[in-house]
K.L.:
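Structure below; questions to follow.
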Amino acid sequence: MASPLPSAVLTKLESDLKRRTANFPPLEKVNPILNTSDFDPSSTHVSLLQKCVQTNSFQQAPVIHAHIVKSGTQQDLFVMTSLVNVYGKCGAMEAARKVFDHLSKRNVVTWTSLMSGYVHNSHPEEAIQVFIQMLEHGSYPTNYTIGVVLTACSALCHVNIGKQVHGYVLKYGLEDDTSIGNSLCNLYSKCGGYLESAMKAFWRIGERNVISWTTIVSACGDNGDSAAGLGLFSAMLEEGIEPNEFILTSVLSLCCTLQAIEFGLQVHSLSIKIGYASNLPVTNSIMYLYLKIGLFSEARKLFDGLEKVSIVTWNAMIAGHAQMMDVAENNLVAFRNGVEALGMLLRLQRSGLKPDLFTLSSILTVCSNLVALEQGEQVHAQAIKTGFLSDVVVGTALVNMYNKCGSIKKASKAFVEMPSRTLISWTSMITAFAQHGLSQHALDLFNDMRLAGDRPNKVTFVGVLSACSHAGMVDEGLSYFEMMKNEYKIIPVMDHYGCMIDMYVRLGRLEEAFDFVKKMEVEPNEFIWSLLVAGCRSHGNLELGFYAAEHLLCLNPKDPETYTMLLNMYVSAGRWKDASRVRKAMKDEKVMKLKDWSWISIKSKVYSFKPDCPQFEEVDVLLGDLLEKSRDLGYEWKEIPENEEIEGRVHHSEKFAVVFGLLNTEKPAVIRVVKSMSMCRECHDFIKIVSALTKREIMVRDSKRLHRFSDGKCSCGDFGSLL
DNA sequence: ATAGGGTTAG
């Protein structure tokens, strides 16, 4: 996680802090725990001000301030400190600073209140400046002060500044203080990559409270060791510490990442036992967990049983449906979940709640998966209006949405306009360029990312390697593959191997592709074999092709697409014996029939084709016309009689959807179709020709990959896994 | 009068 401030500012802050904490007075002069028993609780002003914070009625603060001035108590230290605090809490930092600057007397609590105001208002660097000024002034911090400074350091994500304060803590032996320990633990967790330091700080705490445990448990989750977090939660229970809603939600979120069903169910029953059955945040988390592990009706039950819902409840439901789209077994199920999620957005808006940045980013994901450009553009407008566009996650979701909806220009514009970038936003844009065949753009951006000091992860390298494979850059591909392993210590996963094999296959270097498969350190999966099959078919190496296809079948003996593809391969090679063997196997294995289903989204409305269609007469006329013209250009459509029971040779639904798109949209809009199964070669050839005939860009996302057709060519380079 | 924790996202 990068700091929001320029590094020069941070370096200066670090050295100032170092200078001020270096020559500190001997321990006896420092009083870390301030005796506050001389506080005068009888002051009406202080208790009124306290009420302001408690009830969020911040408009009252200036009124009370005026009263303080009138009643002449404006030099009462307790009253004025309280005022600094209240102004800070309500976001009126100028007012807080003004009050502070006009005081003739200040104590450490006054200083701490001002600092805490700056932290609350996202100006951690100011908080640290005030801390330095306080030290220069000759005041000494208390454990509360150190806590605030450490929170400021966490917000800066600058571990070295935090370490200066940590040094101070060690010097005065304050590391066993609970609140300081909690803040230290939080610092190392938020700076990323310092889980061990966070653990050390945690175990040094004298008396760990439930906040200490929550901090370390979520630190585990934030730093990629969720399993350790579950272990620590159990340890806390053994120590007899009663969980509260905070740690329950933290642990449930770990269960989500780990897909720890058993543990999650236990946490659920524990929550009920200790009285959190109707606690909203806990219920939201449990509901989200149920959605993530696919226990749909359980989640629904919880949702329906809620008397009051919050925006988080809706967000969890929407996000749950959005991620169901990713794991759905086919595009049809995904589509239904997406429509459901869009319906939920409507219901949440009708209930009077306002979508927040979580809602917007989830909905953008839904739009990406539905390839619903117009809906996505509406969300874009909403993000501009509400100011949520400045959020990195919303920005990244927007880049992904435009990319998946076929607009690389708008995706790249959204990326350029982002105020800050993360590993994920870089990766999204690199992947987008790669998917659109703009390999050099992708590689240049990867270079920019490294220059910006952001560390690529394995997903980034999938983008980089696929850019190389699309452009046939074997040498570059190999060197990035080595860079990933040696320089970044990333162990290649199936997707990386897939890119490398795709690279050889596209160039027709089948032997090398097979060699690479043999050298892989993991067992090749269906994805790898289907790449080999596609390559062999394209380059006419039938023997290797059948070998790979039979392998594919072994791995997934129930997959109707594999059977259909293999059958088509044997039929077109005239190997009737093999064809009937496959047909028999399909019957014996009771292989399901392929469901051919396409849809297209035009102006926020979704039309479906299976393969009958709306506006049939007009579509039929145009389709007939296009078929005739494409026959002249060499397109061959072989119809096989129905009784052959082959699903591969009919007019598939995407033909109708594409023609419907041609009739109902204008150039230069991209025609975007989603399809429930893989495209077959015939339809693939046909749409290539249509893109040339009509000079339109056509996108089809099938069950395996994205095809972008323009000028008679497809982005998959005909190496998509086709039936 | 000042502190420390959580849910939903890419």
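In what follows, chains are A, B, ... by sequence order, proteins preceding strands, each numbered from 1.
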K.L.:
With the side chain of Asn284(A) defined as its heavy atoms from C-beta on, choose the nearest nucleotide among dT8(B), dG4(B), dT7(B).
P.N.:
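When the side chain of Asn284(A) is considered, dT7(B) is the closest of dT8(B), dG4(B), dT7(B).
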K.L.:
Nearest whole angstrom, please: distance from the C1' of dA1(B) to the CZ of Phe100(A).
P.N.:
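The distance from CZ of Phe100(A) to C1' of dA1(B) comes to 13 Å, rounded to the nearest Å.
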K.L.:
Look at Lys89(A) and dA3(B) and indicate whether a side-chain polar atom (N or O) is within less than 4.0 Å of OP1 or OP2.
P.N.:
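For Lys89(A), the contact criterion (side-chain N or O under 4.0 Å from OP1 or OP2 of dA3(B)) is met.
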K.L.:
dG6(B), dA1(B), dA3(B): which one has an atom nearest the side-chain heavy atoms of Phe78(A)?
P.N.:
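When the side chain of Phe78(A) is considered, dA1(B) is the closest of dG6(B), dA1(B), dA3(B).
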K.L.:
Quick one: does Val165(A)'s side chain get under 4.5 Å of Leu187(A)'s, heavy atoms only?
P.N.:
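No, every pair of side-chain atoms sits at 4.5 Å or beyond.
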K.L.:
Looking at Asn400(A), I'd like to know whether one of its side-chain N or O atoms comes within less than 4.0 Å of OP1 or OP2 on dG10(B).
P.N.:
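Asn400(A) to dG10(B) OP1/OP2: no side-chain N or O under 4.0 Å.
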K.L.:
Would you kindly give the CG-to-C1' distance between Asp222(A) and dT7(B), to the nearest whole Å?
P.N.:
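Spelled out: CG on Asp222(A) to C1' on dT7(B) is 13 Å.
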K.L.:
Base, sugar-phosphate alone, or nothing: which one does Val312(A) contact when heavy atoms must sit under 4.0 Å apart?
P.N.:
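Base contact.
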K.L.:
Rounded to the Å, how far apart are Ile363(A) CD1 and dG10(B) C1'?
P.N.:
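My rounded result for the distance is 14 Å.
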K.L.:
Parallel, tilted or perpendicular: which one describes the rings of Tyr194(A) and Tyr188(A), with boundaries at 30° and 60°?
P.N.:
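Answer is tilted, since the angle falls between 30° and 60°.
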K.L.:
For the pair made of CG in Asp454(A) and P in dG10(B), what is the distance, rounded to whole Å?
P.N.:
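Rounding to the nearest Å, CG of Asp454(A) and P of dG10(B) are 19 Å apart.
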K.L.:
Please list, by residue number, the residues of residues 198-210 of chain A whose heavy atoms come closer than 4.0 Å to an atom of DNA chain B; answer none if no residue qualifies.
P.N.:
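Result for residues 198-210 of chain A: Asn209(A), sorted by number.
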K.L.:
When we call it a touch if two heavy atoms are under 4.0 Å apart, what does Ser310(A) touch: a base, just sugar-phosphate, or nothing?
P.N.:
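No contact.
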K.L.:
Is any N or O donor-acceptor pair between the side chain of Asn143(A) and the base of dA3(B) shorter than 3.5 Å?
P.N.:
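Between dA3(B) and Asn143(A), which were checked side chain against base, a qualifying N/O pair under 3.5 Å is absent.
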K.L.:
Please round to the nearest 0.5 Å and tell me the distance separating atom CZ of Arg347(A) and atom CH2 of Trp314(A).
P.N.:
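CH2 of Trp314(A) is found 4.0 Å from CZ of Arg347(A).
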K.L.:
Rounded to the nearest angstrom, tell me the gap between atom CZ in Arg106(A) and atom P in dA1(B).
P.N.:
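Nearest whole value for this atom pair: 21 Å.
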K.L.:
Please check if atom CD in Glu239(A) has more than 12 non-hydrogen atoms from other residues, nucleotides or ligands closer than 6.0 Å.
P.N.:
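Counting other residues, nucleotides and ligands, CD of Glu239(A) exceeds 12 neighbours.
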K.L.:
With respect to the phosphate group of dA3(B), does any side-chain polar atom (N or O) of Asn182(A) fall under 4.0 Å of OP1 or OP2?
P.N.:
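It does not, given that no N or O in the side chain of Asn182(A) lies less than 4.0 Å from OP1 or OP2 of dA3(B).
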K.L.:
How many angstroms lie between atom SG of Cys191(A) and atom CG of Asn223(A), to the nearest 0.5 angstrom?
P.N.:
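Rounded to the nearest 0.5 Å, the SG-CG separation comes to 10.0 Å.
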K.L.:
Examine the base of dA3(B) for any acceptor or donor lying under 3.5 Å from a partner atom in the side chain of Ser179(A), and report the outcome as yes or no.
P.N.:
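Flag set: donor-acceptor pair detected.
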K.L.:
Return the nearest nucleotide to the side chain of Val148(A); candidates are dT8(B), dA3(B), dA1(B).
P.N.:
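Looking only at heavy atoms from C-beta outward on Val148(A), the closest nucleotide is dA3(B).
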K.L.:
dA3(B), OP1 or OP2 - any side-chain N/O from Ser116(A) closer than 4.0 Å?
P.N.:
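Looking at the OP1 and OP2 atoms of dA3(B), one of them is under 4.0 Å from a side-chain N or O of Ser116(A).
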K.L.:
Output the single nucleotide from dT8(B), dG6(B), dA9(B) whose closest atom is nearest the side chain of Ser253(A).
P.N.:
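The closest nucleotide is dT8(B).
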K.L.:
Can you measure Ile247(A) atom CD1 to dG6(B) atom C1' for me and round it to whole angstrom units?
P.N.:
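It is 10 Å, rounded to the nearest whole Å.
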K.L.:
Do Asn186(A) and Ser183(A) have side-chain atoms, one donor and one acceptor, less than 3.5 Å apart?
P.N.:
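Absent: no donor and acceptor within the cut-off.
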K.L.:
Establish, with yes or no, whether the OP1 or OP2 oxygen of dG4(B) is under 4.0 angstrom from a side-chain nitrogen or oxygen of Thr151(A).
P.N.:
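It does, given that an N or O in the side chain of Thr151(A) lies less than 4.0 Å from OP1 or OP2 of dG4(B).
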K.L.:
Cation-pi between Arg421(A) and Phe415(A): NZ/CZ under 6.0 Å from ring centre and within 45° of the ring axis?
P.N.:
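Yes, Arg421(A) lies over the aromatic ring of Phe415(A).
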K.L.:
Is the backbone N or O of Phe246(A) less than 3.5 Å from a side-chain atom of Asn244(A), with the two atoms forming a donor-acceptor pair by type?
P.N.:
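Between the backbone of Phe246(A) and the side chain of Asn244(A) there is a qualifying donor-acceptor contact (under 3.5 Å).
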K.L.:
Which of these nucleotides, dA1(B), dT7(B), dT8(B), is closest to any side-chain atom of Asn85(A)?
P.N.:
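The answer is dA1(B).
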K.L.:
From the options dG6(B), dA9(B), dA3(B), select the nucleotide whose nearest atom is closest to the side chain of Thr249(A).
P.N.:
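Ranking dG6(B), dA9(B), dA3(B) by closest atom to the Thr249(A) side chain puts dG6(B) first.
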K.L.:
What's the separation between atom CG in Asn337(A) and atom CG in Asn369(A), rounded to the nearest 0.5 Å?
P.N.:
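Between atom CG of Asn337(A) and atom CG of Asn369(A) there are 10.0 Å.
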K.L.:
Side chain of Val392(A): nearest nucleotide among dT8(B), dA1(B), dG10(B)?
P.N.:
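The nucleotide sitting nearest to the side chain is dG10(B).
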K.L.:
Roughly, in whole Å, what's the span from NZ in Lys308(A) to P in dT7(B)?
P.N.:
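Checked: the NZ to P distance equals 20 Å.
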K.L.:
Which part of the nucleic acid does Ser218(A) contact within heavy-atom distance under 4.0 Å: base, sugar-phosphate only, or nothing?
P.N.:
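The answer is sugar-phosphate, as Ser218(A) gets under 4.0 Å only of primed atoms, P, OP1 or OP2.
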K.L.:
dG4(B) base to Thr178(A) side chain: any donor-acceptor pair below 3.5 Å?
P.N.:
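Flag unset: no donor-acceptor pair detected.
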K.L.:
Find the distance Lys190(A):NZ to dG4(B):P and express it as a whole number of Å.
P.N.:
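Taking atom P of dG4(B) as the reference, NZ of Lys190(A) is at 11 Å.
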K.L.:
Considering only dG6(B), dT8(B), dG4(B), which nucleotide approaches the side chain of Glu245(A) most closely?
P.N.:
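From the listed options, dG6(B) comes nearest.
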